[in-house]
Amino acid sequence: MASSQDLPKNYDFAEVEERWRSIWRDEDHYFDKKSKKPQFVIDTPPPYPTGNFHIGNALNWCYIDFFARYKRMKGFNVMFPQGWDCHGLPTEVKVEEINHITKNDVSREEFRRLCRELTEKNIGLMRITLRKMAFSTDWSNEYVTMQPKYYGKTQLSFLRMLASGYIYQSEHPVNYCTRCETAIAFAEVSYEDRETHLNFFDFDGVEIATTRPELLAACVAIAVHPDDERYRALKGRTMKVPLFCHDVPVVLDEAVDPAFGSGAVMICTFGDKQDVHWWKQHNLSLRKAIDRQGRMTEIAGKYKGLNTTECRAAILAEMKAQDILKRQEKLAQRVGTCWRCKTPIEILSERQWFVKIKPAEIADAAHKIAWYPEHMLLRMENWVEQMEWDWCISRQRIFATPIPVWFCKKCGEIALPEDKDLPVDPTQVNPKHPCKKCGSTEFDGEVDVLDTWMDSSISVLNVTGWDGSGTPPFFPAQIRPQGHDIIRTWAFYTILRSVALTGQKPWNEILVNGMVLGEDGFKMSKSRGNIIVPEEILVKYGADALRQWGAMGAATGSDIMFNWNDVVAASRFQTKMWNITKFALIQLEKEGLETDAQITALADRWLLVRLSDTVELVSDALEAYQFDVALKAIREFAWEVLADNYIELVKGRLYKSDESRKGACLALHTAFDALCRLLAPFTPYFAEECYSHLSPGSSVHKQPWVAFTYDDDAARIEGNLLVQVVAEVRKYKHDTGLALNAPLGKVTIYAPHTVNDEGDTGRTLNADVHWRTDAAKLDRVITGIDFNRSVIGPTFRKQAQAFMAAITALSPEQMANPPKTIMLEGTETAVPENAFTPKYSYMEEGAKVDVITVGDVILTIAKSA
RNA sequence: GGGCUUGUGGUCUAGUUGGUUAUGACGUCGCCCUUACACGGCGGAGGUCACCGGUUCGAAUCCGGUCAGGCCCA
């Protein structure tokens, strides 16, 4: 044990955290592939390397680290890997911004190099924050999706799913961002309210209302409701499109809302998702009026080359000139936009690669996973149920995993690489064999790349050791921690891919964390100015305080409002605990600890039984991922039980030097040692610092989880009573204007059992305390009744009120000695035991003593003259 | 418009199967610098548990509705 002289007066988190960071070794957190211990593999979310680890990430990682550390102490072989989900548009956009270029200004290779460099730099910055937060990351299992080692696996998974028919290519309408020039999935479309105009114009004699006149060239039909009398005559007709003069059929469809606009709608390829429905259902032709850059095509005639906004204005002007534009109405509209750049999306029909979505298969696997909290499963179910299109996985971008496919220049046949040739960039190298169909050796490499979710949806396969064949050695993982915002993406795609590639669910459990809202209760955003970054908290209060906030902020799974108060409270708890540490060490080093000392004093037994209760509660809470419950119980034990009550009780005994001191020392040591371990998952720096003074040279993080149990019901009951007695006397002193340490005279405690308090009570109260088991010789006067509703309710049901009224009406003598039966609404009814207790006021020989009752314990206080 | 979720003292928050006085933190008021701690201790004030109705002997808790917030989606 270190000398208590070494302990600084104040806990300096900055110094302590930095010191332990330099001492701890990464290897202690490595997953051991040969271990015989039960495995606990975590499918950690790979964050997007923006360079800033935001507070939402911090919360999620706190949760992960709590159970990672807990599981290690419980004897599990834990893998807490760290991945980086590198590919995607944001980095491309950032690179264009920083270098003042567009992706077309440099070669694909050069552009990728710039993206890789920026990403590496950002990863470096984020690693620093992860380390400061003391996350027990397994750096030996770090993965970076942009590195060949990883994206080779992404490509391998592509080939496997292509072979099994999950992946196919097809021309199909897809959501397309014309600014980013790429297809995107539904999961990447966000919606915004905008105001637009509904334009009413004459369409070959019929009034049509449209918000998108620029798509007139892409009109392929007119649709009306089959029951709409106004348009009965149109059935079976062909109509001529104004300005463009091509003929289109009239179709009848129940989905047309007769009340909207004129009740007749033009179907274009494609104005929105509904158009796609109609186009499929009525087998209409395809007219592509908008190209990948968002400009009008050949079929728009003289409008070719205009962007959609210009084209809209031009067509409306032309309509006016021809006098077919009748009127315009304002209309509130929801526009689908690209989630990254907010450009309204177009629906374009393009040759793309798709992954088949089999809802039943995904739902089945989702049901085999334990969801925390449970209701998050519903979100998955809802999303699965309403999937309409397959998942479009091809993107027309650069910084992403290349699609490992070539097309024969001569016959168009597809050529694929062999497993051993992966990873491959088909735009850089040719296939090793000539075309299987025609023997040609000339190929075009696929220029499209994969959706980033194709990378991240195999994170769990990667960490569990997938090599393309069968079930990976450590699959399924034990847990997936993630936010509820990406249930429809990351969780959904991961389940899909795991089922497709292994036939199994990816994890046993999924722990869904809430979002972190700003102090104003709104989602953090730059425009609101309510962003709090982890670094700010780390500098002001340290990692342990931030981690405590993560545990205590809210119940796991619910959204959590950031609150400086909680961080401050966390920091204060550390101060308190630091003082407990100092006190404990000062006491423990005075005389050597006797590990076989007898625990006989009530306070000591009480401390140990309360510790035992706390360990059980904390362990159960951690098993259920209820971090708030767990940490709250630890704090309560340290602060209330140990500091405010136990230490106050035994201080006097500890200052002495006799046999009774030894038991207190042992109890104190046991509790303090356990507290360090209980705190280890939550506040790793702080717990390590405290423990290092108790057991120099050994790390708390290498200790097993507390296994302490102490079975002593009597100690719990009598000890709680003792604490109550002390509290009541303190209150009495307070109420009668005495200082708490003022001498009190003689206090007699009439308790039902003999209590061995080793004089603790007397020293604590500064009074001459006598414990007695005989009955107090007091005159008592009944002043009221306390009813026990949990007895009366079930017994009397509807007569409960009547029963209580009857008891209240009894004479004081009858209340003190209640009759066996009582008349209740004309019926003689038995009086149950424990139905009520009289409230007494005690007198002894006039008014010489004050009397306090605590349960069935009676205290008389005779103040010293 | 739909799904999910929340509404508890000034602020944030706990409350598991309905059961005596509704948890804790911050703030606030009073007393106390007692050899670990004033970043502390002790005590107090402050709540018709959003609103309305129902089930029940009994509802913060269960059911229905209303209002308000949040998240995700159409």
Side-chain angles (χ1 to χ4, degrees), chain A residues 4 7 9-11 186-187 189-191 272-274 334 336 373 375-383 385-386 388 483-489 514-515 517 519 521-523 552-555 557-587 620-621 624 626 628-629 632-633 635-636 639-640 642-645 647-648 651-652 654-655 726-727 729-735 737-742 763-764 766 786-804 834-837:
Chain A
S4 61
L7 296 182
K9 182 164 166 45
N10 295 312
Y11 179 72
F186 268 111
V189 179
S190 63
Y191 293 81
D272 58 22
K273 213 169 141 190
Q274 183 62 47
R334 267 207 153 174
H375 70 257
M376 292 297 177
L377 171 61
L378 274 169
R379 295 205 183 183
M380 173 64 74
E381 284 177 334
N382 292 341
W383 179 247
E385 275 164 23
Q386 55 99 66
E388 289 187 53
H484 62 63
D485 54 333
I486 50 173
I487 288 176
R488 72 202 165 100
T489 49
M515 300 291 105
L517 310 175
E519 286 194 285
F522 290 96
K523 200 172 172 176
M552 293 286 281
S558 52
D559 288 349
I560 167 172
M561 211 181 288
F562 180 77
N563 188 354
W564 280 107
N565 273 347
D566 290 342
V567 180
V568 174
S571 169
R572 283 199 194 156
F573 170 66
Q574 282 163 204
T575 304
K576 185 71 188 181
M577 192 57 203
W578 183 243
N579 282 301
I580 293 173
T581 304
K582 283 194 292 183
F583 179 83
L585 294 176
I586 289 167
Q587 298 309 325
D620 288 350
Q626 294 174 323
D628 57 330
V629 174
K632 200 174 160 187
R635 283 195 197 175
E636 192 181 304
W639 206 316
E640 238 169 74
L642 180 59
D644 291 348
N645 287 306
I647 290 179
E648 290 304 325
K651 247 181 187 173
L654 285 166
Y655 294 155
V726 170
V729 175
R730 279 178 184 154
K731 196 178 167 202
Y732 169 85
K733 279 187 166 180
H734 182 266
D735 290 347
L738 290 168
L740 290 180
N741 55 347
R763 283 185 295 268
T764 301
N766 195 7
D786 277 333
F787 289 106
N788 186 347
R789 277 160 228 275
S790 59
V791 170
I792 296 170
T795 311
F796 292 98
R797 300 281 158 188
K798 284 185 193 222
Q799 290 183 310
Q801 304 289 350
F803 173 77
M804 290 190 276
N834 304 323
F836 61 92
T837 37

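Quantities reported herein were computed from a predicted structural model and do not represent experimental measurements. Each chain gets a letter, A, B and so on, in the order the sequences are listed, and its residues count up from 1.
- Considering only side-chain atoms of A/Trp639, the nucleotide from B/G41, B/G40, B/G43 that sits closest is B/G41.
- The side chain of A/Asp644 sits closest to B/G41 out of B/G70, B/C12, B/G41.
- At the heavy-atom level, A/Lys733 lies nowhere under 4.0 Å from the strands shown.
- If you check B/C42 for Watson-Crick or wobble pairing at under 3.5 angstrom, you find it paired to B/G30.
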Each nucleotide of nucleotides 4-10 of chain B classed B (base within 4.0 Å of a protein heavy atom), S (only sugar-phosphate) or -, in 5' to 3' order, makes BS-----
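- Considering only side-chain N and O atoms, A/Tyr732 lies nowhere under 4.0 angstrom from the phosphate OP1 or OP2 of B/C42.
- Within the shown strands, B/U66 is the pairing partner of B/A50 under the Watson-Crick or G-U definition, both distances less than 3.5 Å.
- Between A/Phe796 and A/Phe803, the ring planes are parallel. Angles under 30° get that label, and only those over 60° would be called perpendicular.
- In this entry B/A59 has no Watson-Crick or G-U wobble partner, no candidate having both defining distances under 3.5 Å.
- B/G1 and B/C73 make up a base pair, with Watson-Crick or G-U wobble contacts both under 3.5 Å.
- For B/C31 and B/A25, the C1' atoms lie 22 Å apart once the distance is rounded to whole Å.
- Of the candidate nucleotides B/G27, B/G70, B/C37, B/C37 has the atom lying nearest to any side-chain atom of A/Lys9.
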